[in-house]
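Below is one structure, written out as structure tokens, with a few remarks after it.
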Amino acid sequence: METDEEISYSSYCDQLKQYREQCDSVLDEVSTALNHLEELQKQYVFVSTKTNALHEACEESLQDQTKLVNKAESISSRLSYFNELERINQKLSSPAFSVSSESFVPLLAKLDECIAYITANPQYKESELYQARFKQCLSKALNLVKSNVFGILQHATLQVQPKKIGNDPVNTTENAFTMFYGKFRSNAPKVKAMMEQIEQRLDKSPEYQSVLDECHQCYLTQRHQLLSPSITEAVMELATKHARDHCALVRSGCSFMVHVCEDEYQLFFHFFSKSTEKLDEMLEILCISLYDVLRPLIIHINHLETLAELCSILKIEMLQDHVQNNPDELKAFDMVARQMLEDVQERLVYRASIYVKTDILSYNPAPGDLAYPEKLEMMQSIAESLKEKESASSRKSSLDSIGSSTSHEVAAINDGASSVQEGASTPPKSLSSINGARTPGQPNSLNYMSSSLSPADLHGMWYPTVRRTLVCLSKLYRCIDRTIFQGLSQETLQSCIHSLIVASQGIEKRQTPLDAELFLIKHLLILREQIAPFQVEFSIKEMALDFSSMKVAAFSLLSKKTRMFSLNSNNAFLEFLFEGAPQVTEHYLDSKKDVDQQLKKTCENFIKHVSKLLVAELVAFIEKAELIIDMNKEDDAPKVSLKKQPFATPEKVHEVVGATYKQVKSVLPKVFKKMSLYLANKDTEYILFRPIKGNVQHSYQQLQSIVKENYTEDDQQIIACPTIEQVNLLLSAT
């Protein structure tokens, strides 16, 4: 049993040994495999390291190659600008090369590019030399352009220039526009194509601006050479044609120059795209040829109407209608027209000043001018007869014929005077509105004349200096500047007032003071109303030196002789210099106020004169009576009875009252008739008569007071002093 078990154990042990041996064998093989793997790993690491190093070396080589290629390309691109010099030089030197070829514009572009590049990189070797050579090439190219443009323009001028047969030029008046503009413009496309290229490059090089200026100058020279003789001849023909009509000459001459400037401006832009000041200078020279012809004529014109019409033509028709609507094309004409307008205005002011002195201030009235009230009465009788015989429609035309031509001229001129005055917002009303105290809604002009039948309201009945003054102011108002008008209107109105005063004095000598005063009142009212619509101030400022302080300082100096040479601040001579300097003072002269003051003064004189005419005896009695009454009021004076005085007995007072009553009753209707004849306006007559009525009432009130205080009831019955109601009734009835 034991043997069998041992055998089994032995067998098992042997198996285990075998397994062990097999395991050892496997371990040996594994160890060998691991050794081989380790060796392989080392070899792999070695190969991998070598491969990475080779890859990095290759990448560095590629980078170096790329850098070298880029450097080569950069050098090549930079050298290309320098290398273009020879190619450009060859093209410019080629006889077959011209500015009209297709390669010329790219050549200019390449030149600009090369010059810009070299200018931006001055650090390159020989950059200055190459820059100078490129600019030489650019100059050659631009000289070709300039020569080509000059040739085209000169050929165009020769092509359209009037030909001569013998010594006489061919008359080309009818074909002037076709020759000077149509044929000349046919050459424009060739020039404009080149000029556009030049104008597009003005900011790249100053040479382009220089060439463009020279082309402009050549063009303008050729145009001036072509147009100047023809324009001068045309202006002279106009001057000959309108030798007796200055207005037609100025109108036609200016219109001609306006068309020339517009046509030249449009023609210029067929050749060029950008404007130049030289064009306006050339056109101004052409316009001056008209100015040189017109100015000698203007400075010898004496008629205000002609000068005013010239101002209207230049100011309205030319400057406003033409220049303002087309300021760019007519800039040159604008300068010449304004200079011409200033000359006309200067002449107008000069002639107006002389006119005011000779025809207004120094006016010598004819006997017919002072025939007041005869001429008014005659015209009133004519107007009344016309009213009876004529119908309403024919009556107006008849009254129109009564008004003088001057009256219609004044009315027509003043209707639109303010529409052309600078700064004026509304035009003055017609001069036909002539009533001194017109009420709202009162009709104007001839319609009102036909209804009132007032001869004083007809313009032809105005005193000549008033008509002349208003016509002169109307013409000046629409022609000259506001400040100049203000100064001249001051002189004109003062002269007119003076002439009216002189005329009223002449009327007073041949008629009555009443006629003289009403004449002056009426014409001052007309003058005041007719200057009211002018939208200006009739006032001027005058500077003067006031030497009053010098007189005081001189007396002070003489009283301080001892301090004249003192060496301190109390030196009398220094005080005289500081305190005695004359002072500059300002004085404002207002002609409107002068008219109002003269009108007020004349109205006051009229009121005093009429009041004295009506109640002179009564006022004389009242003054004497008040003297006696005042003496009785003194304490130390002897008492005197008023009614015992020879001049103040009840009978004498009754005579005074009766005479005054008769005077009022007989004179007052005559006063009313004259007021109606001269003033022809109930409101004005009422305003003027109201203080007269008040003076008469006041005189009777004073008489009543004196009679009640100093006379008995029996004496009062004898005196028979009228009551206030009776006086009012007397004044109203008359």
Side-chain angles (χ1 to χ4, degrees), residues 153-154 156-186 219-271 278-301 306 309-310 312-314 316-319 321-323 325-326 329-341 343-344:
L153 294 176
Q154 291 170 358
T157 303
L158 293 175
Q159 185 181 8
V160 301
Q161 201 164 25
K163 305 296 187 298
K164 290 186 178 182
I165 301 176
N167 294 326
D168 299 327
V170 176
N171 186 4
T172 58
T173 304
E174 298 179 356
N175 299 323
F177 183 84
T178 303
M179 291 180 58
F180 293 158
Y181 295 97
K183 289 185 178 181
F184 198 92
R185 190 173 58 190
S186 63
Y219 171 85
L220 297 174
T221 301
Q222 297 300 317
R223 292 303 298 173
H224 182 267
Q225 176 184 345
L226 184 63
L227 292 176
S228 181
S230 301
I231 289 177
T232 303
E233 181 182 356
V235 171
M236 295 306 297
E237 289 179 359
L238 290 174
T240 305
K241 180 180 178 182
H242 303 289
R244 296 182 178 274
D245 190 350
H246 295 98
C247 296
L249 174 59
V250 171
R251 182 180 284 108
S252 58
C254 290
S255 298
F256 171 71
M257 291 311 304
V258 165
H259 290 305
V260 169
C261 291
E262 291 175 344
D263 293 338
E264 282 300 310
Y265 197 89
Q266 294 169 7
L267 181 64
F268 179 84
F269 281 96
H270 281 89
F271 286 83
K278 294 181 180 179
L279 174 61
D280 293 326
E281 294 174 1
M282 189 272 289
L283 293 177
E284 185 177 356
I285 293 173
L286 295 178
C287 293
I288 287 176
S289 62
L290 174 65
Y291 176 78
D292 292 339
V293 173
L294 295 181
R295 189 177 186 280
L297 301 176
I298 290 172
I299 62 177
H300 289 92
I301 298 175
T306 304
E309 182 65 20
L310 291 180
S312 177
I313 292 171
L314 292 171
I316 301 176
E317 297 181 19
M318 299 304 155
L319 293 178
D321 294 346
H322 288 291
V323 174
N325 294 330
N326 200 359
E329 296 183 6
L330 299 179
K331 183 178 180 181
F333 175 77
D334 180 29
M335 292 185 287
V336 176
R338 290 188 183 279
Q339 182 61 46
M340 202 181 307
L341 177 61
D343 292 340
V344 175

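- Using a 4.5 Å heavy-atom cutoff, the side chains of I313 and M318 are in contact.
- L286 places a side-chain heavy atom less than 4.5 Å from the side chain of L227.
- At least one side-chain heavy atom of Q266 sits less than 4.5 Å from a side-chain heavy atom of E329.
- Closest of all the heavy-atom pairs between V235 and S289 is CG1-O, 4.3 Å.
- Neither side chain, Y181 nor R185, offers a donor N or O lying under 3.5 Å from an acceptor on the other.
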* To do: Evaluate the side-chain contact (heavy atoms from CB on, under 4.5 Å) criterion for residues E237 and T240: first the C-alpha distance (whole Å), next the side-chain angles of each, then the deciding distance (0.1 Å), finally the verdict.
  => CA-CA 5 Å; E237 289 179 359; T240 305; 5.7 Å; no
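- The nearest pair of heavy atoms linking V293 to A239 is CG1-CB, 4.0 Å.
- Summarising the geometry, atom OG belonging to S255 is positioned 5.0 Å from atom NE2 belonging to H322; distances are rounded to the nearest 0.5 Å.
- Rounding to the nearest 0.5 angstrom, the gap separating the CD1 atom in I288 from the CE atom in M257 is 10.0 Å.
- Minimum interatomic distance between L314 and C254 (heavy atoms only, all atoms of both residues): CD2-SG, 3.8 Å.
- Rounded to the nearest 0.5 Å, atoms NE2 (H246) and CG (L310) are 8.0 Å apart.
- With contacts defined as side-chain heavy-atom distances shorter than 4.5 Å, the pair F271/L153 qualifies.
- Atom NE2 of residue H224 and atom OG1 of residue T157 lie 13.0 Å apart, to the nearest 0.5 angstrom.
- Checked by atom type, the side-chain pair D343/Y291 shows a donor-acceptor distance below 3.5 Å.
- Atom CG of L330 is separated from atom CE of M335 by 11.0 Å, given to the nearest 0.5 angstrom.
- One N or O on the side chain of N325 and one on the backbone of D321 form a donor-acceptor pair closer than 3.5 Å.
- A donor-acceptor pair is defined here as one N or O able to donate and one able to accept, closer than 3.5 Å; such a pair exists between the side chain of S252 and the backbone of L249.
- Other residues, nucleotides and ligands contribute over 12 non-hydrogen atoms within 6.0 Å of the NZ atom of K278.
- Side-chain contact between H242 and R251 is absent, with no heavy-atom pair separated by less than 4.5 Å.
- The minimum heavy-atom distance between C287 and V336, with the atom names listed, is CB-CG2, 3.6 Å.
- To the nearest 0.5 Å, atom CD of residue E262 and atom CZ of residue F333 are 9.5 Å apart.
- The shortest non-hydrogen separation linking V260 to I231 is CG1-CD1, 3.8 Å.
- Between E309 and T306, every side-chain heavy-atom pair lies at or beyond the 4.5 Å cut-off.
- In this structure the side chain of L279 reaches within 4.5 angstrom of the side chain of Y265, judged on heavy atoms.
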* Apply side-chain contact (heavy atoms from CB on, under 4.5 Å) to the pair L267 and R223, showing each step before the final yes or no. => CA-CA 10 Å; L267 181 64; R223 292 303 298 173; 3.3 Å; yes
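- Between Y219 and F184, the two ring planes are perpendicular [angle over 60°; tilted spans 30° to 60°].
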